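Just so we're clear, the structure is a prediction, and the values are computed from it rather than from any experiment. Counting begins at 1 with the first residue of the sequence.
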Amino acid sequence: MSTDRHATEHQQTTEESTPDDELSPELAAQLETLRAENERLRSSYARARQSQYRQTAIGFAAVGLVATIGALVFPSTRTILLALGGTGVFAAVLTWFVTPERFVSASVGDAVYEALARNHERLCRELGLTDRRIYVPTTDPATGVRLFVPQQTPFEIPDADDLSALFVTTDEATTRGVALRPTGETLFGEFESALSGSLADTPGEVATQVREAVVEQFEIADAVELDLDRADGRLTVSTTASVYGDLGRFDHPIVSITAVALARGLDRPVRAELAGEENVATLRWEPAETESDE
C-alpha cells in the first residue's frame, strides 16, 4: 500500500498548493490520473481483503461438508463428525456475513491518533504538568481506568471521585492534575469481549493476553516482546512495526491497552515510563508480596 500512500500525499500537496482551475492542462491531467489511480488502489485493497474473508468462509464450508459426508460413511464416529460439520457450516455463514464492507488504512488511523496525541501533549505543556503518566483503576464502571497526569512531583493519587472530572482541582496540591480517558480504556472492551475466559490477575498472564490481542486481534503491531520482573513490579514492552509509531508518544494505544489491562487485572495504579529507546516503554506498579515468589 506504499504506492497508495505516496499517491495520496502527492495529490494532497498538489491540491493545497494550486487550485485545479489554475493548473496547466498537463498538470491537471496528471492530477486526475493520480486521483483515479488512488481510487483504484483503494478499491483493489478493499476487494482483496473481502476476498480473503470469502475464501476463509468457503474453507469452513468445505470442512463442514466433508465432515457431514464422513458422518454418513463412518457411523462409529457420526456424533463427532456431525458436530464438526455443524461447526464448520456455522463458521462459514458467520464469516461470510460479517465481512467488513469498509477498511480503514493504517495511515489514516495513525494520522487521527497523531493529532490527538499532539493536542494532549500541548495541553499538558500549557498547564505546566509533569511528564508522569499514571493509569489508575477506579471502582466506578462509568469511569473505568483514568490516565492521571499530575501537576507536580512528588504527587499522590487522587480519590476515585476526583478522577471522574477532567481537571482535578483538589485542596491538596499533590493530588492536582488532569484525568483523561485513555485510548486503552476504549480498546479494553473489545479486548475483554474476545477473551476465551476472564481477564487474568497476574502480571505475566495479563501481559500475554494483551500481546495476543495487539498482534492477532487489533493487528497494530507485527510482534510484541515482553520483559517482566514480578519482584520489581516492572514490564518492559517493545514492538516491531507498530502501526502508531514510537511507543513514547502520548498515551500510545499499545502502551495504553497494556497499562489499562494491568491496572484492571492487578487492581492498582500502573505508571508508564519511556525507556529512552524507540518503540520501547516500561510499565511499573507496586508489586504484591506474593508476586516476588512467583
Side-chain angles (χ1 to χ4, degrees), residues 1-9 41-42 44-46 48-49 52-53 56 100 103-118 120-121 131 133 135 145 147 182-196 199-200 202-230 232-266 270-285:
M1 294 304 295
S2 60
T3 304
D4 186 4
R5 184 173 182 178
H6 292 162
T8 304
E9 292 174 351
L41 289 172
R42 287 178 177 174
S44 177
Y45 175 68
R49 291 297 301 269
Q52 291 177 356
Y53 279 93
T56 301
F103 300 96
V104 179
S105 66
S107 59
V108 173
D110 181 54
V112 173
Y113 163 69
E114 182 178 6
L116 293 175
R118 288 185 176 182
H120 283 134
E121 290 170 351
D131 59 354
R133 309 285 184 262
Y135 295 81
V145 175
L147 171 55
T183 59
E185 180 68 11
T186 306
L187 291 171
F188 183 82
E190 297 294 328
F191 159 70
E192 190 175 33
S193 63
L195 290 175
S196 57
L199 179 67
T202 62
E205 292 176 333
V206 172
T208 300
Q209 288 177 329
V210 173
R211 175 173 59 186
E212 293 176 355
V214 167
V215 177
E216 301 295 337
Q217 180 182 354
F218 300 124
E219 299 183 13
I220 53 179
D222 287 351
V224 176
E225 295 184 3
L226 306 172
D227 181 13
L228 174 64
D229 187 336
R230 295 184 180 88
D232 189 42
R234 175 190 59 78
L235 175 67
T236 299
V237 181
S238 58
T239 63
T240 300
S242 168
V243 169
Y244 296 105
D246 186 9
L247 296 186
R249 301 165 78 179
F250 190 94
D251 193 34
H252 190 284
I254 295 178
V255 177
S256 189
I257 180 62
T258 307
V260 167
L262 284 170
R264 284 180 174 270
L266 305 181
V270 175
R271 185 174 73 254
E273 299 177 350
L274 303 183
E277 303 177 41
E278 186 177 0
N279 289 329
V280 178
T282 299
L283 302 176
R284 295 186 181 276
W285 60 91

> Given side chains that start at C-beta, do those of Val237 and Glu225 come closer than 4.5 Å, heavy atoms only?
Replying inline: no
>> Apply side-chain hydrogen bond (donor to acceptor under 3.5 Å, both in side chains) to residues Ser256 and Asp251 and explain how you reach the verdict.
In response: CA-CA 6 Å; Ser256 189; Asp251 193 34; 2.8 Å; yes
> Checking Ser193 side chain against Glu190 main chain: does a donor-acceptor pair fall under 3.5 Å?
Replying inline: yes
>> For a quick test of reading the model, state the closest non-hydrogen atom pair linking Ala223 to Val215 and the distance between them.
In response: CA-CG2, 4.1 Å
>> Among residues at least two apart in sequence or on other chains, which ones pass side-chain hydrogen bond (donor to acceptor under 3.5 Å, both in side chains) with Glu185?
In response: Arg264
> Would you say Asp246's side chain and Arg249's backbone share a donor-acceptor pair under 3.5 angstrom?
Replying inline: no
>> Please evaluate residues Thr183 and Ile257 with respect to the criterion side chain to side chain contact (heavy atoms under 4.5 Å, CB included), reporting the C-alpha separation (whole Å), side-chain torsions for both, the decisive distance (0.1 Å), and the verdict.
In response: CA-CA 7 Å; Thr183 59; Ile257 180 62; over 6 Å; no
>> Would you compute the distance between atom CG of Leu195 and atom CD of Gln217 and round it to the nearest 0.5 angstrom?
In response: 8.0 Å
> Roughly how far apart are Tyr244 OH and Ile220 CD1, rounded to 0.5 Å?
Replying inline: 6.0 Å
> When you look at Arg284 and Asp232, which way does the side chain to side chain contact (heavy atoms under 4.5 Å, CB included) test go after all the steps?
Replying inline: CA-CA 8 Å; Arg284 295 186 181 276; Asp232 189 42; 3.0 Å; yes
> Leu187 and Phe218: which non-hydrogen atoms are nearest, and at how many Å?
Replying inline: O-CZ, 3.7 Å
> Could you walk me through whether Trp285 and Leu235 pass the side chain to side chain contact (heavy atoms under 4.5 Å, CB included) check?
Replying inline: CA-CA 9 Å; Trp285 60 91; Leu235 175 67; 3.8 Å; yes
> OG1/Thr208 to CG/Leu226 distance, rounded to the nearest 0.5 angstrom?
Replying inline: 6.5 Å
> What do the steps show when you test Leu147 against Arg133 for side chain to side chain contact (heavy atoms under 4.5 Å, CB included), and what is the final call?
Replying inline: CA-CA 7 Å; Leu147 171 55; Arg133 309 285 184 262; 3.9 Å; yes
> Can you list the residues that meet the ring-ring contact (aromatic ring centres under 6.0 Å, His included) rule with Phe191, with sequence neighbours excluded?
Replying inline: Phe188
>> Measuring from atom OG of Ser242 to atom CG of Asn279, what distance do you get when rounded to the nearest 0.5 angstrom?
In response: 6.0 Å
>> For Thr236 and Arg234, which I'm curious about, is there any donor-acceptor pair between the side chains at under 3.5 Å?
In response: yes
> Is there a donor-acceptor pair closer than 3.5 Å between any side-chain N or O of His252 and the backbone N or O of Gly245?
Replying inline: yes
> Going by atom types only, do Thr202 and Glu205 share a side-chain donor-acceptor pair under 3.5 Å?
Replying inline: yes
> Which heavy atom of Ala259 sits nearest a heavy atom of Leu283, and at what distance?
Replying inline: N-CD1, 3.8 Å
> Considering all heavy atoms of both residues, which atom of Ala221 and which atom of Thr239 are nearest to each other, and what is their separation?
Replying inline: CB-CB, 4.5 Å
> So, for Val255 and Leu247, which heavy atoms are closest and what is the spacing to 0.1 Å?
Replying inline: CG2-O, 3.7 Å
>> Using only atom types and a distance under 3.5 Å, with no angle test, would you say the side chain of Gln209 pairs donor to acceptor with the backbone of Ala200?
In response: yes
> So, for Pro182 and Val260, which heavy atoms are closest and what is the spacing to 0.1 Å?
Replying inline: CG-CG2, 3.9 Å
